[in-house]
A.B. asks: 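Attaching a single structure in structure tokens format; questions to follow.
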Amino acid sequence: MTTAGLQQSMKTVPFPDVTGVILAGGRSRRMGRDKATLEIGGKALIAGISELFGRLFPQTLIAGDRPDLARPNLPAYADAYPGSALGGLHTGLRHAETPYIFVAACDMPFVDEELIRALLEHRFGYDVILPGTPEGLEPLIACYGQNCLPVIRRQLQAGNFRILDIYPELRMRIVGPEELPDNWRTALTNINTPADLANAVRDN
């Protein structure tokens with residue numbers, strides 16, 4: 001997107017200070033085929049996420065070496081540290097032109113605007129905002145500020161690819177179930193296996 005196009009988009013979206021980042025650098029081992037192009041309801045998973053992000057953010061990008069998924073307003077950037085979701089966060093923050101990014105893994109078919117808004121309303125004053133549920137933290141549907149970039153880079157350079165290990169150095173806001181929309185379990189669903197896909201198709 002050109003600078004002029006980005007500036008115009010910033011005037012018309014709810015979150016002009018946030019870039020949408022779709023994490024698509026995984027290898028889909030358990031699925032056995034590319035998860036980004038899986039379809040539910042006749043639409044590829046990545047298409048649904050990019051359309052949602054396009055309504056909310058001035059810029060959306062793909063973190064991962066996926067030129068096949070790129071579009072004129074949806075660039076894809078190869079990870080400098082490939083092979084991990086943390087490397088995808090690094091890519092998103094490096095290429096974003098905004099103070100924050102909002103990330104979603106490409107295998108999350110039911111992410112919705114209500115969930116995103118519930119997380120982003122807490123972004124000011126924090127570096128990381130993410131859901132915390134009885135099953136644990138959800139680092140791949142979350143908001144990250146630019147202050148995270150040097151911490152992530154340092155950890156990647158040390159060979160540590162665990163997202164959870166960056167959090168002690170950052171200001172983190174965990175958004176619990178009582179602050180999330182009622183459908184949070186569905187919104188946080190991800191598709192890892194053929195069985196997961198079959199269940200999602202059945203329930204959609």
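This is a predicted model, so every value here is computed, not measured.
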A.B. asks: Let's go through L61 and I101 carefully: what are the C-alpha distance in whole Å and the side-chain angles of both, what is the deciding distance for side-chain contact (heavy atoms from CB on, under 4.5 Å) to 0.1 Å, and is it a yes or a no?
C.D. replies: CA-CA 10 Å; L61 61 88; I101 63 172; over 6 Å; no
A.B. asks: Would you give the length of the straight line joining atom CG of L156 to atom CZ of R162, rounded to the nearest 0.5 angstrom?
C.D. replies: 13.5 Å
A.B. asks: Is any side-chain heavy atom of P131 closer than 4.5 Å to a side-chain heavy atom of L137?
C.D. replies: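 The answer is no; the side chains never approach within 4.5 Å.
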A.B. asks: Between P139 and I163, what is the shortest heavy-atom contact and its length?
C.D. replies: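 Residues P139 and I163, closest heavy atoms: CB-CG2, 3.7 Å.
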A.B. asks: Please indicate whether D68 has more than 12 foreign heavy atoms, meaning atoms of other residues, nucleotides or ligands, lying under 6.0 Å from its CG.
C.D. replies: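 Check passes, neighbour count above 12.
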A.B. asks: Can you measure from CD (E169) to CG (N147) and round to the nearest 0.5 angstrom?
C.D. replies: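 It is 12.0 Å, given to the nearest 0.5 Å.
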A.B. asks: If you round to the nearest 0.5 Å, how far is NZ of K43 from CD of E51?
C.D. replies: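 Between E51 CD and K43 NZ, I get 3.5 Å after rounding to 0.5 Å.
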A.B. asks: What pair of heavy atoms forms the shortest contact from L74 to S50, and how long is it?
C.D. replies: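 Minimum heavy-atom contact is CD2-CB, 4.0 Å.
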A.B. asks: Judged by atom type as modelled, is there a donor-acceptor pair below 3.5 Å linking the side chain of R71 to the main-chain atoms of L69?
C.D. replies: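 Side chain of R71 to backbone of L69: a pair is present.
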A.B. asks: Which heavy atom of L115 sits nearest a heavy atom of L188, and at what distance?
C.D. replies: CD2-CD2, 3.9 Å
A.B. asks: Do the non-hydrogen side-chain atoms of D182 and E114 ever get within less than 4.5 Å of each other?
C.D. replies: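 Of all side-chain heavy-atom pairs linking E114 with D182, none is under 4.5 Å.
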A.B. asks: Quick check: closest heavy atoms across P134 and R185, and the distance to 0.1 Å?
C.D. replies: CG-NH2, 4.4 Å
A.B. asks: Sequence neighbours left out, what passes ring pair (Phe, Tyr, Trp, His ring centres under 6.0 Å) with F15? Give chain and number order.
C.D. replies: none
A.B. asks: Does the side-chain contact (heavy atoms from CB on, under 4.5 Å) test come out yes or no for L130 and E138, once each step is laid out?
C.D. replies: CA-CA 6 Å; L130 74 170; E138 298 286 347; 5.6 Å; no
A.B. asks: Quick one: list whatever passes ring pair (Phe, Tyr, Trp, His ring centres under 6.0 Å) with Y126, sequence neighbours left out.
C.D. replies: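 Checked Y126 against ring pair (Phe, Tyr, Trp, His ring centres under 6.0 Å); zero matches.
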A.B. asks: Taking the side chain as C-beta and beyond, is there a heavy-atom pair between L119 and L180 under 4.5 Å?
C.D. replies: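 Yes; the side chains approach each other to less than 4.5 Å.
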A.B. asks: Would you say that L45 contacts M108 through its side chain, given a criterion of any heavy-atom pair below 4.5 Å between the two side chains?
C.D. replies: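 Contact flag for L45/M108 side chains = no.
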A.B. asks: How far does CD of Q157 sit from CD1 of I152, to the nearest 0.5 angstrom?
C.D. replies: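 Reported value, rounded in 0.5 Å steps: 12.0 Å.
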A.B. asks: Considering all heavy atoms of both residues, which atom of A118 and which atom of E121 are nearest to each other, and what is their separation?
C.D. replies: O-CG, 3.5 Å
A.B. asks: Might you work through the side-chain contact (heavy atoms from CB on, under 4.5 Å) test for R123 and V18, ending with a clear yes or no?
C.D. replies: CA-CA 10 Å; R123 67 192 182 280; V18 182; 4.0 Å; yes
A.B. asks: Can you name the closest pair of heavy atoms from G132 and P177 and give their distance?
C.D. replies: O-CD, 3.1 Å
A.B. asks: Rounded to the nearest 0.5 Å, how far apart are CD1 of I141 and OG1 of T189?
C.D. replies: 11.0 Å
A.B. asks: Can you find a heavy atom in the side chain of T186 that is under 4.5 Å from one in the side chain of D112?
C.D. replies: no
A.B. asks: Pairing donors with acceptors under 3.5 angstrom, does anything connect the side chains of T98 and T19?
C.D. replies: yes
A.B. asks: Give the table of side-chain donor-acceptor pairs shorter than 3.5 Å for residues 88-96, with sequence neighbours excluded, one pair per line with atom names and distance.
C.D. replies:
| residue | atom | partner | partner atom | Å |
| --- | --- | --- | --- | --- |
| T91 | OG1 | D79 | OD1 | 2.6 |
| T91 | OG1 | G87 | O | 3.1 |

A.B. asks: With rounding to the nearest 0.5 Å, note down the distance linking NE2 in H122 to SG in C143.
C.D. replies: 11.0 Å
A.B. asks: Just wondering, do P109 and I191 contact through their side chains at under 4.5 Å, heavy atoms?
C.D. replies: yes
A.B. asks: Output all residues satisfying side-chain contact (heavy atoms from CB on, under 4.5 Å) with I116, sequence neighbours left out; order by chain, then residue number.
C.D. replies: L52, F53, L56, F57, F102, V111, L120
A.B. asks: With sequence neighbours left out, what residues match R117 under salt bridge (charged side-chain N to carboxylate O under 4.0 Å, His left out)?
C.D. replies: E113
A.B. asks: Mind jotting down which residue pairs meet the ring pair (Phe, Tyr, Trp, His ring centres under 6.0 Å) criterion with at least one end in residues 135-179? Sequence neighbours excluded, please.
C.D. replies: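 Non-adjacent pairs meeting ring pair (Phe, Tyr, Trp, His ring centres under 6.0 Å): zero.
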A.B. asks: Under a 4.5 Å cut-off applied to non-hydrogen side-chain atoms, are V128 and R173 in contact?
C.D. replies: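 No, side chains not in contact.
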A.B. asks: Take W184 and T133 through the side-chain contact (heavy atoms from CB on, under 4.5 Å) test and state the conclusion after the steps.
C.D. replies: CA-CA 9 Å; W184 64 264; T133 75; 3.4 Å; yes
